[in-house]
Every structure is written in structure tokens, then in C-alpha cells.
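Written below as C-alpha cells is the structure these notes are about.
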Amino acid sequence: MSAILQGAGAATALSPFNSIDSNKLVAPSRSSLSVRSKRYIVAGSDSKSFGSSLIVRRSEPLIPNAVAAKADTAASSTSSKPGHELLLFEALQEGLEEEMDRDPHVCVMGEDVGHYGGSYKVTKGLADKFGDLRVLDTPICENAFTGMGIGAAMTGLRPVIEGMNMGFLLLAFNQISNNCGMLHYTSGGQFTIPVVIRGPGGVGRQLGAEHSQRLESYFQSIPGIQMVACSTPYNAKGLMKAAIRSENPVILFEHVLLYNLKETIPDEEYICNLEEAEMVRPGEHITILTYSRMRYHVMQAAKTLVNKGYDPEVIDIRSLKPFDLYTIGNSVKKTHRVLIVEECMRTGGIGASLTAAINENFHDFLDAPVMCLSSQDVPTPYAGTLEEWTVVQPAQIVTAVEQLCQ
Amino acid sequence: MALHLRSSSSLKSTFLNILSLRQNLGFGSRSHVTRHIRQNLPHDPPLRGSQNPIRGFCNTMAEQETLSSFGQHEDASNHQVMDFPGGKVAFTPEIRFISESDKQRVPCYRVLDDNGQLITNSQFVQVSEEVAVKIYSDMVTLQIMDNIFYEAQRQGRLSFYATAIGEEAINIASAAALTPQDVIFPQYREPGVLLWRGFTLQEFANQCFGNKSDYGKGRQMPVHYGSNKLNYFTVSATIATQLPNAVGAAYSLKMDRKDACAVTYFGDGGTSEGDFHAALNFAAVMEAPVLFICRNNGWAISTPTSDQFRSDGVVVKGRAYGIRSIRVDGNDALAMYSAVHTAREMAIREQRPILIEALTYRVGHHSTSDDSTRYRSADEIEWWNKARNPLSRFRTWIESNGWWSDEAESDLRSRIKKEMLEVLRVAEKTEKPNLKNMFSDVYDVPPSNLREQELLVRQTINSHPQDYPSDVPL
């Protein structure tokens, strides 16, 4: 059911998003402009053959709207193939490996990504397969290896820069903001910086304040970069591949606690749209916008809400910069109530920006003020019980929905 | 874990021993070392035999060619040594600190003396008449270009400018020693490298005026040049951020096995930035073919080098990172040329970084926003400009070879001056880039929010045209 809705949404819209989408999807080979037709648009949860296979497998029929195997899961397999089950970090690795196979310019750099396989095993096995130069272990200096990645990107490589923890990328802020975001612009378009900067962030299990940061708040203002957050193995692989193929610098936010999520994903190649939000559960009464780990808290709350007779529409925004105001807008126009559930701090987080964007654009459609549930403006405590309460819990979400729907 | 290793004097087993050791001790990855085995052991003896207290206190790898068993043992001279990652370390019962500095400073390589005469027994790379004349002409061109742009700023025709006066030899001679495939990551005082590669005076002026012919589409301030076809990366104003970028580019060249290196320039002030240290360290570990050229010109705006660092300049820092380094007289074009030429070959052939410290002086102000007489004496500036002028020294040398004359000089100067004035006139008159360039190239395709914002700006301009500059086309 979710797949059909999503498919219908994409098919009717010849909005600007679609033209951007196509461009992103065919970034490496700009010659295949036929892709601009909407047939090729990857609609969120639908799976499809794509990428370089576009040219090779032209004789195969393309499936624009795959029917979901299960109605309540976001990821779906096509009815033609069984798919394979894996964990989220394996999905990331699979996406990365496929892209490295496809394009010899893709390389990985970061701390312990090589023979150690990465702190969260996302790069496991890649050094053995592709060699030490393509999967590069770097000394500890985030600013330096991010800078290195940018320099390498300007000379034609497509680096995937891993921050062992997103929080460490604060050290790389100078390079990300001043060089990564700006150089395409200030060079007059002469130099592109197709890097992917990725890493785990968010509140984990007692990792301490420094290792529990939400960097999306700080990066969201930087002009020139795109930000996406993955939440399921399906979109993790899809977003990883799309990010690597994008000509823009993309920051891919993963979450420490989601790496072991299991899901069945399609066998055939697919990518996810970088600027698109994902419809997790369509509904009528209220729009709940969320991303990354909070999606699961929201879905848990949704079960309770359904029992209580509510029908929430849950959207995983996925694209943190720019927001998919098309999907979000359609939802707001339908339900007239918005609840944002995020892990960022109250001040200056993604929720704050999203609240502003919704108020500005869809004010007339709101029956109630936009409500935003976020973490408090405190450094994450180490104590387990306190840490749990800095993060939005399903019970709070239920209460908030009840409040909004009065 | 204890693996008994047979002692052997062959280099190959030496390396295998290092690998096993490193594997056992959990240090590093073995295949990283195996793939990058070089013929030389990590610590080569220094190129110059200067008094080096460090060598006196511990045995370096260069002197110990064999690794025997793991752990302590007693060698023939009855001194205990320990195997440790990186090589054997001898023990000493004396409590001795390595001195913070040598008694003598690292000597500076030069080929032409203060009067432009070739020093006897000097080693240098020979230059042909054609190359020498081009080096000199480009130095003159750079000097005149700088002077005229500076004056233009003073007259209000340009908004900003930063000169490279006094550093012409570093700019041009280093560029001459490179090939067009070498990728350049400049700071902002190296327009001479672009000039050498063929950037025209008109192109310089276009960038300074930010007109529609500027390759940067008018987005940056003057002197922030960039040209992808000349392999000169757009100047980013932030200090030393280009150093890790250069290492990344070198890494890319290394992966593609190109016969080229990355070259990056920075000043004495830039060596204080964290990026400098990290980049040098990375380059050494990655064995990346990159030249780090430091223009030690004595001043970082108003900060003299004595307030910037307490080491013997920048050249000694190379050793800390395991990088071969050299100190050169930056105002001696021939020495600069030879040093960069040799360094480039080493970098590419041996796949290693090289650090070059070029001693020079910033004759001009930091930029047009600075008045350096407020923090330094006019005499000092004058002395360097006259007694140590890079142009006059090189001119003496090419004239002594019969390759130049007073006539050629005055011809060149009047031609360049005329060209510069024309170039200024044309650049000033040329239209500015269209407003849409404010929003393009932020991403590859403008997203909806930027398109919206552009519309808003245009609407505002429509309703208040008198507040909008008349020379920016809509």
C-alpha cells in the first residue's frame, strides 16, 4: 500500500524535484539525459534497476512501481525476486562495494577503515579486495583527511570520507565549510567536489557526551553541501550509492544504534533519491516527521496510537538538506497537523529549521501549531537512565499526538 | 605472540622481520608496509652534514641495518638495545636532553651571490637561454603587474589587492621547474605560477574586476585566481587548508601512477596552522609525491617569525615528520629552480614528500588593507628591496651570459606597462556577470530553495531599482 501511494505521488509530479532527482541519479554519465522522463524515477521505497545497468539492460523491462511484499514495511522486494537479508552496516558496505566495483575512482579514507574494517565494520573486507590505496587508513587528523579527500576530489577521485564518529568531524568543520561547500562556487564551477562524508552519530548507549553528538544541526547551514540520513538497510544502501554518484558533496548521517537492523533488500541494483522523503505509514489525522533512529520510536508510538484510534501519517524525511517540502507539503495539506520528532537539541536543530520551513510555506493548512519534540539542550549524560531521558521516548510522542489532535 | 626471528643481514628479511614485529605488536597493517617497500630504510642520513645533536644521542636506523631478535639483547659492544617499532633503540645511562636547537642554523642553498655572480663550485641545474629569459621576463611582468594593480586599488579602481613584491623568484623559478601536469595548490601570493603557465594579464585583470570573463564568475575577491586547465587550484583564503588538499591530490596522482606531483605553497605564518602539521605527517605516511614550498618571508601580516615559531625556521620541521627538506635562498632564481627541479624528481621517482623552505622577504604590505610601516622599519623594507632584489641578481647573471641587455629591459618594461594599462581599461569596461551567477554552482543544479531565493531577490530589485547597482546585468 505504501508503495503504491509513493509511486502515485512521484508519477504525477513533474515538480522541480524530479528534474533534480534525475540529474542526481545519472550524475556520472550526463549523456543519458533520457533519464529525465519520469519512468526512471526511483520513488522512495520502490525498488528498481538503475545506474549503469541502464545502458546494459535496456532490453529488460523496468519496473516503475514495485508492489510491496508487506504493507507495513517501508522496504519492499519486487515480486519477481526474493531479495536477501542483511544488517544495516552490511547494506552500507554492499552499496559502497558496488560503487567501488562500478567506478575505479571511488575510494575510501578514514581512521581504521582499512584492515581493521572500520569501527562499525562498514568497510570490512574492502581493503583486501581493493587494496590499501583505495581504502586508505589515515593518521588521526580529521581536518587533514577531510582536506585530503577534498583535494583528491578536485583532481578526479570520488572519496568516501569516514568520520569514526560524526562528532569528530567538528574538527573537519573548516575544510567542510570553507573548501568542500564553497570551492565549486568560488572557482566558478571549474572544480567539483563529489565527496561523501559519512559516519555514525546520534545518541548511543552510554557513549558519553562527546560521542553522542548530532552534527546535522551544525552542518545544516553550510551552503553547497547536501545532507541525508539513513534509517533502514534499504535506504542506507540506496542513499550510499546515490551519494557517491552525486556531483555535490553529500554528508550521510548514520546512527550508532541502527547498524544491526536487519531487513530483506532487493537483489537487483537500486538507488534512493537524495532529496526525497520516505512515506513510512500513510495516515489521515496527523503528520509525524522524523528521521534516523527516531523513526523507530515514532513507529512504536504509532502502534499505541492506532490502538487508541488515531491514524498517524509517518514520514521519514531522510533528506535533511534540502527538505523534501513536496512530500511534506502534501502530507500537511491532508492532515493539517504536524509533529516533528527528532534527536537534535531543541535549539538550532533540524526540527527548528523544519518548523520554520513548514510555518512559512504551509501556514494556511495548519489547524494547530507545529509541535517539535527534541532532545534537551544538554550534553548527553553518561548515566544510562538520564541518557534515555534526553532522547524522545514513544510515550512522549503518544502524548504529543493526543494533545495536537484534541 | 613471541615469534623467534632469525637474524639476517639481507634487506628483504629485515623488512619481513619488521612486518612480523609490527603484526605481533599490533602496530599498523602489514600489507601497507609490504606494498610500499622502498629500497631505503626509513631514516636516511641527512643530505647536509651539519652538526646534529640528535645523531649523537641515539642510533638511527641508518646505522643499524639489521634487526635481530625481539626484545632486549646485548650487541657486540655490550650496550643494551631494544627493538621498537621504527627500528632498534639504544639505551643510554646518561640523562641528556636533545637540544632545542642546533648551534648553527641549517645553511641556505644559493647559487648566485648578492651581486648576481655565480658562486664557484656551486651545484645547480643548468637552464637554457630560452628558459632563463622567460624566467626573467615573467619576473619583470609579475613585478609590473603587481605595481599597477596595487596603484589601481589605491586609485579606487580595484577593491583589493595583494602583491608578491620581493617574492618573484620563488613564484617564477619554482613554476619553471615544474611541468604543466603538476597540480598547484596556492595560498594567495603565487600568481607568478599562473603567469608562467600562460595565464594572460587580461585574465588576471578579469578576476580582479570580477567581470563576466572571470573564470570565477565574479564570486571571489581579487587575487583569488583559479584555473582548472592550468592545473592551478582556486585560491581559498583560509590559511594552510590547501596543504591537506595537496596531499589528497598527490594521493590521487599516486593512485593513477602519473608522472606528476602536487605542489603547494604557504607562508611562514601558515606553518603554525594545524593543517600544516597534519598534512606533512599524512604526506610522509602516505608516501605521497607532494612538494611543500614554504615562502618564509619574515612576516605574517604584523607577526614576525620570532613570534610565530621558535624553531630554526621551517626546514627543521620536516625531519620531525620524516620528510626530506632543504632551505633555499628564495631570492636566487637559479637556486630556486634547481631546488624545485631536484625535489620534484625525488618526489615522483621515490614517491615521497619534500619540504622546501625558501627564505625571502615580503617587500610589499600584506595587502592593500595593511600599512606595514606601522610595525616594521622602512629601512628594513628598503634594504631587502635593493640589496636582495631577486630581479637584479638574476638579471646580472643572464646579462653575463649575453642573453639580456638594457634595451631588452626597457622594451619589455614599456611593453608590459602598456599592456597592463590596456588590460585594466578593458577589464573595467567589461560587463559584470549576470545575477543568476549568485545562485548557480552552489550545487550542480540549483535546488528549489535557491531558485525561490533568486526570485525573491529579483522581485526586490524590481520594486527598488534605485538601490541596485546598475552594472550588474539581471
Side-chain angles (χ1 to χ4, degrees), chain A residues 15-17 19-20 23-24 27 105 107 109 114-116 127-128 131-134 136-139 141 143-157 159 171 174-175 178-179 181-192 223-224 226 246-248 275 322-323 325-326 357, chain B residues 28-32 34-36 183 185 214-220 224 226-229 231 233-238 241-256 262 274-275 277-279 281-282 285-286 288 433 437 440-451:
Chain A
S15 76
F17 292 100
S19 54
I20 297 171
N23 231 353
K24 295 280 176 294
H105 294 109
C107 56
M109 47 182 83
H115 290 274
Y116 190 70
D128 287 328
D132 283 321
L133 225 37
R134 274 185 84 186
L136 192 63
D137 274 326
T138 64
C141 187
N143 209 23
F145 64 72
T146 308
M148 242 185 93
I150 293 166
M154 287 165 89
T155 30
L157 291 184
L171 290 155
N174 188 12
Q175 289 284 351
N178 280 319
N179 290 345
M182 284 187 196
L183 272 165
H184 185 238
Y185 185 78
T186 57
S187 69
Q190 291 184 87
F191 300 104
T192 56
Q226 272 188 264
S246 170
E247 288 303 308
N248 295 319
E275 292 92 12
F323 293 133
L325 289 178
Y326 179 74
Chain B
S29 73
R30 68 181 288 163
S31 23
H32 188 75
T34 46
R35 278 172 222 271
H36 305 298
V183 289
F185 285 84
D214 169 27
Y215 299 131
K217 299 183 189 165
R219 294 169 179 147
Q220 260 287 20
H224 289 61
S227 165
N228 56 352
K229 66 180 201 308
N231 278 329
F233 284 75
T234 305
V235 172
S236 175
T238 46
T241 56
Q242 73 276 12
L243 269 68
N245 291 347
V247 177
Y251 160 74
S252 171
L253 292 171
K254 184 186 170 83
M255 266 184 57
D256 288 342
D275 277 352
H277 303 275
N281 190 36
F282 271 61
V285 170
M286 309 284 146
N437 285 301
S440 60
D441 292 331
V442 182
Y443 297 97
D444 51 354
V445 173
S448 60
N449 62 324
L450 286 186
R451 284 202 307 275

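Keep in mind that what you see is a predicted model, and the values were worked out from it rather than measured. Numbered from 1 within each chain, the chains take letters A, B, ... in sequence-line order.
In this structure, A:S187 OG and B:R219 CZ are separated by 8.0 Å, a value rounded to the nearest 0.5 Å.
At a 4.5 Å heavy-atom cutoff, the contact between B:V183 and chain A is made by side-chain atoms alone. With a 4.5 angstrom heavy-atom cutoff, B:N437 touches chain A only via backbone atoms. Heavy atoms closer than 4.5 Å to chain B are found in the side chain of A:M109, but not in its backbone. Residue A:Y116: no heavy atom, backbone or side chain, is found under 4.5 Å from chain B. With a 4.5 Å cut-off on non-hydrogen atoms, B:T241 touches chain A through its backbone and its side chain both.
With respect to chain A, the highest number of heavy-atom pairs below 4.5 Å among B:P433, B:S227, B:G248, B:G218 belongs to B:G248. Between chain B and the residues A:T138, A:I150, A:L183, the largest count of heavy-atom pairs under 4.5 Å involves A:T138.
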Assess whether side chain to side chain contact (heavy atoms under 4.5 Å, CB included) is satisfied between B:M255 and A:L157, documenting all intermediate values. CA-CA 10 Å; B:M255 266 184 57; A:L157 291 184; 4.2 Å; yes
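The backbone N or O of A:Q190 lies less than 3.5 Å from a partner atom in the side chain of B:N228, making a donor-acceptor pair. No side-chain donor-acceptor contact under 3.5 Å links B:D441 to the backbone of A:H184.
Counting heavy atoms from C-beta outward, A:C107 and B:Y251 have side chains that approach closer than 4.5 Å. Here the side chains of B:D275 and A:N143 are in contact, with some heavy-atom distance below 4.5 Å.
Between the side chains of A:N179 and B:S236, at least one donor N or O lies within less than 3.5 Å of an accepting N or O.
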